[in-house]
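Below you'll find the structure, written out as structure tokens, and then a few comments.
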There are 2 protein chains.
Amino acid sequence: MTHERASSRRTTRQLALVLDAVQASGIEHPTADRVFRHVRRVLPTISLGTVYRNLQRLVADGRISAAPLGARVVRYDPTPTPHDHFVCQDCGRIEDITVSRSSGGVRAARRAGHEVSSHALVLYGRCRTCRGARRLSE
Amino acid sequence: MTHERASSRRTTRQLALVLDAVQASGIEHPTADRVFRHVRRVLPTISLGTVYRNLQRLVADGRISAAPLGARVVRYDPTPTPHDHFVCQDCGRIEDITVSRSSGGVRAARRAGHEVSSHALVLYGRCRTCRGARRLSE
DNA sequence: CTCGGTGCAAAGGGTTTGCATACAT
DNA sequence: ATGTATGCAAACCCTTTGCACCGAG
């Protein structure tokens, strides 16, 4: 039993290219639209709808992950395993953060009687690069 | 200098009622639409646009806070100071969590050279009440 | 009397979906 | 041949905005 697989059926060029785009270095934590524009350079006929459908499928299949960072747009991440993020409020760069262990919040929730199964942590601040730039410009 | 205040000019019935709705017990972390429907019971002519404008203003004035929980909708919170949330994946209830100390993620980010100024933490799981219900039904 | 706030309705941005067709199996 | 994935465009959902009127100060 539990043969792992879930949705994946056919392998299409579109699916492969969408996965490639999310995993492409140079595009970090892309939005669906960014993936769309990237794939279109290679396959000009692909549609936005198809990009969304394939992104959903890749997430469902555990091949990538979706992170509702910021507010409105979903960001896609080539790393499928749970992890957190740091967002630079100057340059907008998003970096993966490896949190070693459950944070203080988990303890607080457990104390309140809740059972915590997962979490989403986003840190905001100024990244290493922007801190350096700021130092230089003053 | 820094005399705190920012936008607030005129006091309207609409503004007061929107604030009341967010602070009303029984409505927890309401969405803009929920606030709209609540206020409309008292002031049937209020418009959704006005609700959004007043919510924005209250947030800007530091009288309430906005939390981009889940994915699509913004939730409003009567507590204006920074804090975190627990979301029950069974009943949907959202509870404020008081995190005593900066989590492990902050340390990881600092180690990477970033300057962390704020964060957003959302814990997912099963709340105290739902855990009890589950126990009873099995 | 002023000009900021309101109501209305249309516009916007991101994401989803219905449908006929194309294509992987 | 069979039915899933695609492309297209319309629909959706939440939120924002333009504009003329209203009303707090």
Side-chain angles (χ1 to χ4, degrees), chain A residues 5-22 27 29-61 63-77 87 92 94, chain B residues 5-22 27 29-61 63-77 87 92 94:
Chain A
R5 345 199 321 20
S7 44
S8 250
R9 314 286 164 75
R10 295 184 184 173
T11 305
T12 64
R13 196 146 125 72
Q14 287 85 342
L15 180 66
L17 289 171
V18 166
L19 178 57
D20 282 355
V22 175
I27 300 187
H29 300 84
T31 60
D33 185 65
R34 192 123 176 53
V35 169
F36 174 54
R37 295 195 319 262
H38 189 259
V39 172
R40 207 166 34 167
R41 297 207 301 249
V42 172
L43 183 62
T45 59
I46 196 172
S47 70
L48 227 204
T50 294
V51 169
Y52 273 104
R53 279 184 291 236
N54 281 320
L55 285 171
Q56 280 174 181
R57 199 163 90 159
L58 290 167
V59 170
D61 292 352
R63 307 233 265 156
I64 65 175
S65 64
L69 303 176
R72 313 288 280 283
V73 243
V74 174
R75 298 294 197 132
Y76 293 89
D77 193 317
V87 178
I94 297 169
Chain B
R5 342 193 340 0
S7 44
S8 252
R9 311 286 165 76
R10 294 184 186 172
T11 306
T12 64
R13 196 146 125 73
Q14 287 84 345
L15 180 66
L17 289 171
V18 166
L19 177 56
D20 283 355
V22 174
I27 299 186
H29 300 85
T31 60
D33 185 66
R34 195 122 174 54
V35 169
F36 174 54
R37 296 194 318 262
H38 189 260
V39 172
R40 206 166 37 167
R41 298 205 301 246
V42 172
L43 183 63
T45 59
I46 196 171
S47 69
L48 226 203
T50 293
V51 169
Y52 274 105
R53 279 183 291 236
N54 281 320
L55 285 170
Q56 280 174 180
R57 199 160 88 149
L58 290 167
V59 170
D61 292 352
R63 307 233 266 155
I64 65 175
S65 64
L69 303 176
R72 313 289 280 287
V73 242
V74 174
R75 297 292 196 134
Y76 293 90
D77 193 318
V87 178
I94 297 169

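Protein chains get the first letters and strands the later ones, always in sequence-line order, with residue 1 at the start of each. Fair warning: this is a prediction, and the values are worked out from it, not measured in the lab.
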Exercise for review: Specify the separation, in whole Å, of atom CZ of A/Arg75 and atom C1' of C/dT15.
Suggested key: 16 Å
Check your understanding: Side chains of A/Val22 and A/Leu55: closer than 4.5 Å at any heavy-atom pair?
Key -> yes
**Study point:** Nearest-Å distance for atom pair CD1/C1', residues B/Ile46 and C/dC8
**Key:** 13 Å
Check your understanding: For B/Arg34 and D/dC14, what is the distance between atoms CZ and C1' respectively, to the nearest whole Å?
Key -> 17 Å
Check your understanding: Rounded to the nearest 0.5 Å, what separation is found between the CG atom of A/Leu15 and the CZ atom of A/Arg9?
Key -> 12.5 Å
**Study point:** Interatomic distance where CG belongs to B/Leu58 and P belongs to C/dG5 [whole Å]
**Key:** 12 Å
Revision key, fill the gap. Looking only at D/dG7, D/dT15, C/dT15, the nucleotide nearest the A/Ser47 side chain is D/dG7
Point to revise | Contact check, side chains of A/Asn54 and A/Leu17, non-hydrogen atoms, under 4.5 Å | key: no
Practice item. Look at A/Gln14 and D/dA5 and indicate whether a side-chain polar atom (N or O) is within less than 4.0 Å of OP1 or OP2. Key: no
Exercise for review: Using atom CG of B/Leu69 as one end and atom P of D/dC14 as the other, report the distance to the nearest whole Å.
Suggested key: 15 Å
**Study point:** Gap between atom CD of A/Gln56 and atom CD1 of A/Ile64 - 0.5 Å precision
**Key:** 10.0 Å
Check your understanding: Is A/Thr31 touching bases, backbone alone, or none of the nucleic acid, heavy atoms closer than 4.0 Å?
Key -> nothing
Review point. For A/Arg57 and D/dA5, what is the distance between atoms CZ and C1' respectively, to the nearest whole Å?
Key: 8 Å
Practice item. Could you please name the option among D/dG7, C/dG14, D/dT15 that lies closest to any side-chain atom of B/Val74? Key: D/dT15
Review point. In this structure, which one of B/His38, B/Arg40, B/Arg34 forms a side-chain contact (heavy atoms from CB on, under 4.5 Å) with B/Phe36?
Key: B/Arg40
**Study point:** Length of the CZ-P vector between B/Phe36 and D/dC13, whole Å
**Key:** 16 Å
**Study point:** Nucleic acid footprint by protein, nucleotides 16-25 of chain C - heavy-atom cut-off 4.0 Å, B for base, S for sugar-phosphate alone
**Key:** BBB----BBS
Exercise for review: Would you kindly give the CG-to-C1' distance between A/Asp33 and C/dG12, to the nearest whole Å?
Suggested key: 14 Å
Study note, to complete from the structure: Separation between CZ (B/Arg53) and OG1 (B/Thr12), nearest 0.5 Å, reads 10.5 Å
Point to revise | Residue among B/Leu19, B/Thr31, B/Val59, B/Val18 satisfying side-chain contact (heavy atoms from CB on, under 4.5 Å) with B/Tyr76 | key: B/Val59
Check your understanding: For A/Asn54, which contact category applies under a 4.0 Å heavy-atom criterion: base, sugar-phosphate, or nothing?
Key -> sugar-phosphate
